[in-house]
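Along the sequence shown, residues carry numbers from 1. Both ligands and their constituent atoms are indexed starting at 1 by order of listing. Quick note: numbers below take in every heavy atom, side chains included, and nothing from hydrogens, waters or symmetry partners.
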Amino acid sequence: MKVAVIGSGYVGLVVGACLAESGNDVVSGDIDEGKVEGLNQGEVPIYEPGLERLAENNLKAGRLRYTTDVVSAVRLSDIVFIAVGTPPGEDGSADLQHVLAVARTIGEAMNGEKIVITKSTVPVGTAKLVRAEIEAHTDFTVHVCSNPEFLKEGAAVEDFMKPDRVVLGVDSEFAAEVLRDLYAPFVRSGASILLMDVPSAEITKYAANAMLATRISFMNTIARLCEAAGADVSHVRAGVGSDSRIGSSFLYPGIGYGGSCFPKDVKALISTIHENGVDASILEAVERTNDDQKRLLLDRVVARFGEDLRGRSFAVWGLAFKPNTDDMREAPSLVTIEGLLARGARVVAHDPAAMDEARRHLGARITYAATNYETLTGADALVIHTEWQPYRNPDFARIKSALKEPVIFDGRNLWDPEDMAEHGFEYACVGRRSLPPRGEEG
Ligand code: NAD
């Protein structure tokens, strides 16, 4: 099939490469000239396991190409995905200017019947606006469908290739048939294609993300209760998660959700709920809880070392909002680091993938270390934001001898408090009791 994917960002790049891999002719359109030029030379601008290889192979095979000429991309295609950003507007609602700009371009470029699909996460009712924008510029028949994307950054290719399910909000039997065929190669292992009306598909994406965010804030509240009451959240999590009605995923307490999706999608859903005259207090609480949780490590450092952190230095492991991505949008690490810098501290940080991103966010205000161990020399404490695999089994003796004091603030529960006390660390994690270092007990 001939497919255009408009917007070559996180989602567009993955969708384009994966659809090309399954034999379609894909044109990926974007208005960012530098990005498109790089992509055509094989430079993938994001870190995503497997994506570079997929893009390279399909570029070479001639099934995938990148262009700034969005009009031609649309004219050459029967199916057009809109995969541009939908950032939060000032009031938290999704800003649809990019989606509607693309819709206008599609309308102007229409040269036959086409299926247009919103892949971007958009509020219920957007497909209607997209249709109106397109139909204002053409008499050709357009099918406007919603196919929200559920990929996770860090496992995006894998998620697209082997989805849990494909949600298709369709406006016609014709569109349903075509999209079912397009997705057939990705659901051979039994995942279902869920066909539904367009508004339901639009709501499904927000509801799924808001449910996941709710689980995170819920567990962070339970973690705080565990700390206050002397319980251990890892036991509670196991006990709760083994209930088959609940399930064990997304029950890990930590320092709050970040990234490009959960924060903005929860905000946008709250806004849509309000617009529809429905009470949104459950999601308002989720958001408030998350804002508090993102301050947890900073609050702990301040409680331990005081408000005045001048002359102190902190080692930071992990900057990305989660492992296997370089994405630092809304990352909890930024809250801690800004707070440390504002109190006069020096910060020396490491991340296996997000160092370039960190430079964009923080510039020369912090020091960047080539390895995680290099952050430690002379630091007053180690602060951990991201559960990267290479951080999990470190040389504790090396950490201890490099730090000025053996103090660790762990926002991701990488280690067992008992073991850490045994290693002689003052160790604060989330929802589990801190034990005094064994050395000090005498
Ligand atoms: P992104 O910011 O990484 O990429 C958006 C791209 O669109 C940019 O390259 C930009 O230059 C391009 N663009 C903007 N206006 C354009 C126009 N008029 N014509 C052509 N290109 C244009 O965004 P993203 O992370 O890929 O997210 C895209 C959408 O997918 C959002 O709605 C997001 O909520 C949703 N989504 C994202 C993820 C994720 O993990 N990132 C997952 C699921 C859904």
**Request:** Please list, chain by chain and in numerical order, all residues satisfying ring-ring contact (aromatic ring centres under 6.0 Å, His included) with H143, sequence neighbours excluded.
**Result:** F174
Donor-acceptor pairs under 3.5 Å, side chain of residues 179-193 to any protein atom, not counting sequence neighbours: which ones?
residue, atom, partner, partner atom, Å
R180, NH2, E177, OE2, 2.9
Y183, OH, K119, NZ, 3.1
Y183, OH, N147, OD1, 2.5

**Message:** Show, in sequence, the C-alpha distance, side-chain angles and deciding distance for S8 and S28, and conclude whether the side-chain hydrogen bond (donor to acceptor under 3.5 Å, both in side chains) test is met.
**Reply:** CA-CA 6 Å; S8 306; S28 201; 3.1 Å; yes
**Complete:** Output for ligand 1, non-hydrogen cut-off under 4.0 Å, lists I6, G7, S8, G9, Y10, V11, D30, I31, D32, K35, A83, V84, G85, T86, H98, V102, S120, T121, E149, L151, E153, K205, S260, C261, K264, R329
**Request:** Answer yes or no: is there a side-chain heavy-atom contact under 4.5 Å between D78 and E113?
**Result:** no
**Message:** Could you check whether D25 pairs with K2 (Lys NZ or Arg NE/NH1/NH2 to Asp/Glu carboxylate O, under 4.0 Å)?
**Reply:** yes
**Item:** Listed partners of Y66 passing ring-ring contact (aromatic ring centres under 6.0 Å, His included), at least two apart
**Value:** none
